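Following: one structure in structure tokens, then a few remarks.
Naming convention: chains lettered A, B, ... in sequence-line order (proteins, then strands); numbering from 1 in each chain. Fair warning: this is a prediction, and the values are worked out from it, not measured in the lab. Just the heavy atoms: all of them, side chains too, but no hydrogens, waters or symmetry mates, feed the values below.
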Amino acid sequence: MPELPEVETIRLGLAPVLEGRRIVRVEQRRRDLRFPLPDRFVERLTGRRIERLERRAKYILIHLDGDEVLAVHLGMTGRFSVSARGKRARECATFRYPQRGGAKHDHLVFFISGGAVVTYNDARRFGYMTLIAGPDLTHNPYLRGLGVEPLSADLNAAYLARRAHGKRADVKALLMDQRIIAGIGNIYACEALFRAGIDPCKPAARLATKSEAPTPLAGRLVAAVQAVLKQAIGAGGSTLRDYQQADGRVGNFQSQFQIYGREGEPCLRPSCRGTVRRKTQGGRSTFYCPVCQR
DNA sequence: AAGAACTCCTGTTGGC
DNA sequence: TGCCAACAGGAGTTCT
């Protein structure tokens with residue numbers, strides 16, 4: 001799926017198209033994605049004004065008038081594309097339907113006032129949408145219990161040490177645990193651990209001392225996480241297989257991967273003679289350099 | 001009760 | 001070319 005940088009990029013692409021507009025019509029082509037769509041979904045969206053778009057973890061939160069929020073999780077393959085109808089089509093020349101995927105898994109189509117058409121496509125249907133009565137979102141089962149935003153001041157060495165203390169799980173699992181830090185997936189976990197020079201299999205507990213104080217590892221990891229996420233957002237996210245931005249453009253960060261997908265290639269750390277290895281951790285691929293990640 | 005395993009679904013890729 | 005297995009960026013649920 002899109003991880004935090006991809007979701008943020010999509011939010012940035014959708015915001016100017018949606019904010020301040022109304023949903024004039026919704027085409028719902030199936031009753032469920034990963035989970036059933038909300039009851040009377042079309043009816044509850046039609047005519048609503050979109051106030052603003054926000055991101056929380058990997059969720060796009062579409063704030064509607066009347067204090068209701070459409071929360072969207074893209075799962076692994078969910079994507080939005082923006083096109084236009086009528087005379088707005090010419091003004092939106094840069095907006096194109098996605099080149100891949102086509103109409104086959106276009107499950108929802110939102111017609112927006114002013115002429116934009118926003119299509120939700122999701123081949124594997126691991127994505128989901130829910131309507132939350134706001135303004136307090138913290139009671140929602142999906143959002144409740146999410147950990148800190150990694151790019152906020154809430155993520156710091158002391159916090160990480162506190163949450164890692166006594167944990168037997170490995171540090172990569174900790175990074176990907178949405179209840180601790182929200183928004184990091186497999187790719188950025190690998191990249192952050194490489195940049196921090198930390199072995200993904202190291203026990204998470206090593207981030208903290210017996211008294212829950214942060215070890216130097218914790219500080220390095222926080223810095224690496226924040227640096228890689230910021231860099232990826234700056235590049236418009238990464239484009240692999242299914243992800244693309246709302247306007248059909250692709251992100252560029254995949255060209256800046258230092259470890260992900262590089263099995264068998266030389267480690268990019270200066271003066272390191274290691275070779276990138278791949279192993280399976282918790283059922284997913286971990287890429288790492290056995291020489292400089294200790 | 002933490003942590004691992006399983007599960008949803010479809011498409012792509014690589015080996016034979 | 002065809003067939004089949006392995007794999008893909010997630011995370012809720014079920015197990016041990």
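Proximity note for A/R278 (side chain, C-beta onward) versus C/dA11, C/dA8, B/dC9: the nearest is C/dA8. Residue A/Y128 has its side chain nearest to C/dA11 when only B/dG3, C/dG10, C/dA11 are considered. Side-chain atoms of A/F126 lie closest to B/dC9 of the nucleotides B/dC9, B/dG3, C/dA11. Closest to the A/R124 side chain, of the nucleotides C/dG12, C/dA11, B/dC9, is B/dC9.
For A/K58, a side-chain nitrogen or oxygen approaches OP1 or OP2 of C/dG10 to under 4.0 Å. The phosphate of B/dG11 has OP1 or OP2 within less than 4.0 Å of a side-chain N or O from A/K104. The phosphate of B/dC9 has neither OP1 nor OP2 within less than 4.0 Å of any side-chain N or O from A/H105. Contact check, A/R125 against B/dC8: no side-chain N or O comes under 4.0 Å of OP1 or OP2. The shortest distance between the side-chain N/O atoms of A/S285 and the OP1/OP2 oxygens of C/dA8 is below 4.0 Å.
Distance CG (A/D170) to C1' (B/dA5): 15 Å, rounded to an integer number of Å. One interatomic measurement links the two molecules: CG of A/L4 to P of C/dG10, which rounds to 12 Å at whole-angstrom precision. The nearest whole Å value for the distance from the CG atom in A/L33 to the P atom in C/dG12 is 15 Å. The interatomic distance linking A/H73 (NE2) with B/dC8 (C1') rounds to 14 Å, in whole Å. The interatomic distance linking A/F35 (CZ) with C/dG10 (P) rounds to 15 Å, in whole Å. To the nearest angstrom, C1' of C/dC7 lies 12 Å from CD of A/E263. Rounded to an integer number of Å, the gap from CD1 of A/I187 to P of C/dC7 is 17 Å. In this structure, the CG atom of A/N140 is 14 Å from the C1' atom of C/dG12, given to the nearest Å.
If you take atom P in B/dA1 and the same atom in C/dA11, they sit 24 Å apart, rounded to whole Å. For the P atoms, the distance from C/dC7 to B/dA5 is 15 Å, rounded to whole Å.
Atom CZ of A/R44 is surrounded by more than 12 heavy atoms from other residues, nucleotides or ligands within 6.0 Å. Within 6.0 Å of the CG atom in A/D32, the count of heavy atoms belonging to other residues, nucleotides or ligands exceeds 12.
Between A/E54 and A/R56 there is no salt bridge, since none of the side-chain N atoms of the basic residue sits less than 4.0 Å from a carboxylate O of the acidic one. Ion pairing between a basic and an acidic side chain is recognised when a charged N comes within 4.0 Å of a carboxylate O; A/R22 and A/D65 show such pairing.
The cationic atom of A/R269 (NZ for Lys, CZ for Arg) lies less than 6.0 Å from the six-membered ring centre of A/F194 and within 45° of the ring axis.
Judged by atom type and distance alone, A/R284 reaches the base of C/dG10 through a side-chain donor-acceptor pair under 3.5 Å.
Residues satisfying the salt bridge (Lys or Arg N to Asp or Glu O under 4.0 Å) criterion with A/R179, sequence neighbours excluded, are A/D177.
The strand DNA chain C forms stems, runs of 3 or more Watson-Crick or G-U wobble pairs with distances below 3.5 Å, at B:2-8 with C:10-16, B:10-16 with C:2-8.
Ring centers of A/F257 and A/F287: at least 6.0 Å apart, outside the cut-off.
Counting only heavy atoms from C-beta outward, the side chains of A/I50 and A/L70 never approach each other to under 4.5 Å.
The 5' end of DNA chain B is approached more closely, in terms of each residue's nearest nucleotide, by A/R179 than by the other of A/R179 and A/G283.
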